[in-house]
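Here is the structure we will look at.
In this text, all values refer to a predicted model and were calculated from it rather than measured experimentally.
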Amino acid sequence: MASAKSGDTVTLDELDRNILRELQQDATPSLERLAKRVGGSKTAVWNRIHRLEQEGVILRRAALVDPQRVGLAETFFISIRTNQHNAQWTSQFIQIVQEMPEILEAHRLAGETDYLLKVHVASTREFDTFYKRLVASIDLYNVTSNLSMEVMKHETALPV
């Protein structure tokens, strides 16, 4: 079966949605246990998971790690404005973002801010080092950083 193009919407039935809801909460149960939870046979569930992976609905299965427990207690959001919107600058910026492991998310935005980065570091001192490295690596027009004081909601499961 051919993979769906990135961005294409995939048609999901109720069994697909049940599988996705379960796997988003815990991707470790046995196929037998998962099949019981979603109300399908092991073969049907395995085939569905395989199809959902092939179609790019399931991107990967991974462990969620508590940043506090591994010493990455500080979360910063960085708003970036640039006066350069050419392909060369954008390509360089994407490469820099990909190479900086502290950046967990990077979004190109519509509106006043061009880019928003989510960064996890151990301390404000470590953030300062990261920040200096970032701004030295590429020309930026305006950079604003905000420290997250409290996580009020953090959800990884999509409401499928």
Side-chain angles (χ1 to χ4, degrees), residues 3-10 12 16-31 33-34 37-38 49-50 52-160:
S3 293
K5 288 184 270 179
S6 179
D8 288 350
T9 301
V10 175
L12 303 173
D16 293 329
R17 291 177 189 284
N18 289 339
I19 291 168
L20 291 173
R21 280 191 285 269
E22 288 293 327
L23 289 178
Q24 286 185 101
Q25 294 303 316
D26 182 4
T28 63
S30 68
L31 190 56
R33 187 171 187 187
L34 180 60
R37 286 184 180 170
V38 300
I49 292 170
H50 183 72
L52 292 166
E53 289 173 335
Q54 293 295 314
E55 291 179 341
V57 174
I58 297 174
L59 300 175
R60 66 177 182 232
R61 298 183 227 179
L64 300 176
V65 177
D66 184 337
Q68 299 274 340
R69 307 277 292 180
V70 296
L72 299 173
E74 305 297 343
T75 304
F76 285 84
F77 292 91
I78 304 172
S79 300
I80 295 173
R81 289 178 58 205
T82 181
N83 55 5
Q84 298 187 45
H85 299 278
N86 61 64
Q88 181 181 359
W89 184 94
T90 302
S91 178
Q92 181 184 1
F93 182 70
I94 291 169
Q95 181 177 350
I96 290 165
V97 165
Q98 295 296 328
E99 292 173 355
M100 298 181 100
E102 300 91 341
I103 301 172
L104 270 66
E105 293 182 34
H107 299 265
R108 187 169 60 88
L109 305 176
E112 232 175 88
T113 300
D114 295 310
Y115 299 93
L116 181 66
L117 308 179
K118 179 180 180 182
V119 175
H120 276 281
V121 290
S123 65
T124 54
R125 178 165 286 148
E126 189 175 303
F127 177 75
D128 186 49
T129 301
F130 164 84
Y131 177 87
K132 289 174 182 173
R133 204 169 79 239
L134 174 66
V135 298
S137 64
I138 193 164
D139 184 33
L140 302 170
Y141 175 71
N142 188 320
V143 181
T144 304
S145 303
N146 294 287
L147 170 65
S148 173
M149 299 297 290
E150 176 185 9
V151 177
M152 295 166 50
K153 180 176 181 179
H154 177 258
E155 186 62 56
T156 60
L158 296 173
V160 294

Between T90 (side chain only) and N86 (backbone N and O only), is there a donor and an acceptor less than 3.5 Å apart? yes

R21 vs V160, side-chain contact (heavy atoms from CB on, under 4.5 Å): CA-CA, chis, key distance, verdict: CA-CA 7 Å; R21 280 191 285 269; V160 294; 3.8 Å; yes

Give a yes or no on whether the backbone of D139 and the side-chain of W89 come within a donor-acceptor separation of less than 3.5 Å. yes

Taking it one step at a time, do L134 and L117 satisfy side-chain contact (heavy atoms from CB on, under 4.5 Å)? CA-CA 11 Å; L134 174 66; L117 308 179; 4.1 Å; yes

Rounded to the nearest 0.5 Å, how far apart are OG of S148 and NE2 of H154? 10.5 Å

Would I78 and F130 count as a side-chain contact (heavy atoms from CB on, under 4.5 Å) here? Give the steps. CA-CA 11 Å; I78 304 172; F130 164 84; 3.5 Å; yes

Closest approach of E74 and T124, non-hydrogen atoms and distance? CG-N, 4.2 Å

Quick one: closest heavy-atom pair of P29 and D26, and the distance? CD-O, 3.1 Å

Would you call the rings of Y115 and F93 parallel, tilted or perpendicular, where under 30° means parallel and over 60° means perpendicular? tilted

Distance-only side-chain donor-acceptor flag, Q88 / Q92, under 3.5 Å: no

Donor-acceptor pair, distance only, cut-off 3.5 Å: does the side chain of T82 make one with the backbone of Q84? yes

I'd like to know if R17 pairs up with E22 as an ion pair, taking the criterion as any Lys NZ or Arg NE/NH1/NH2 lying under 4.0 Å from an Asp or Glu carboxylate oxygen. no

To the nearest 0.5 angstrom, please state how far the CZ atom of R81 sits from the CG atom of L109. 12.0 Å

May I ask you to decide whether E53 forms a salt bridge with R61, counting only side-chain N to carboxylate O separations under 4.0 Å? yes

Looking only at heavy atoms, which two atoms of L72 and H120 are closest? And how far apart? O-ND1, 3.8 Å

All heavy atoms of S79 vs all of T113, minimum pair found to be CB-CG2, 3.8 Å

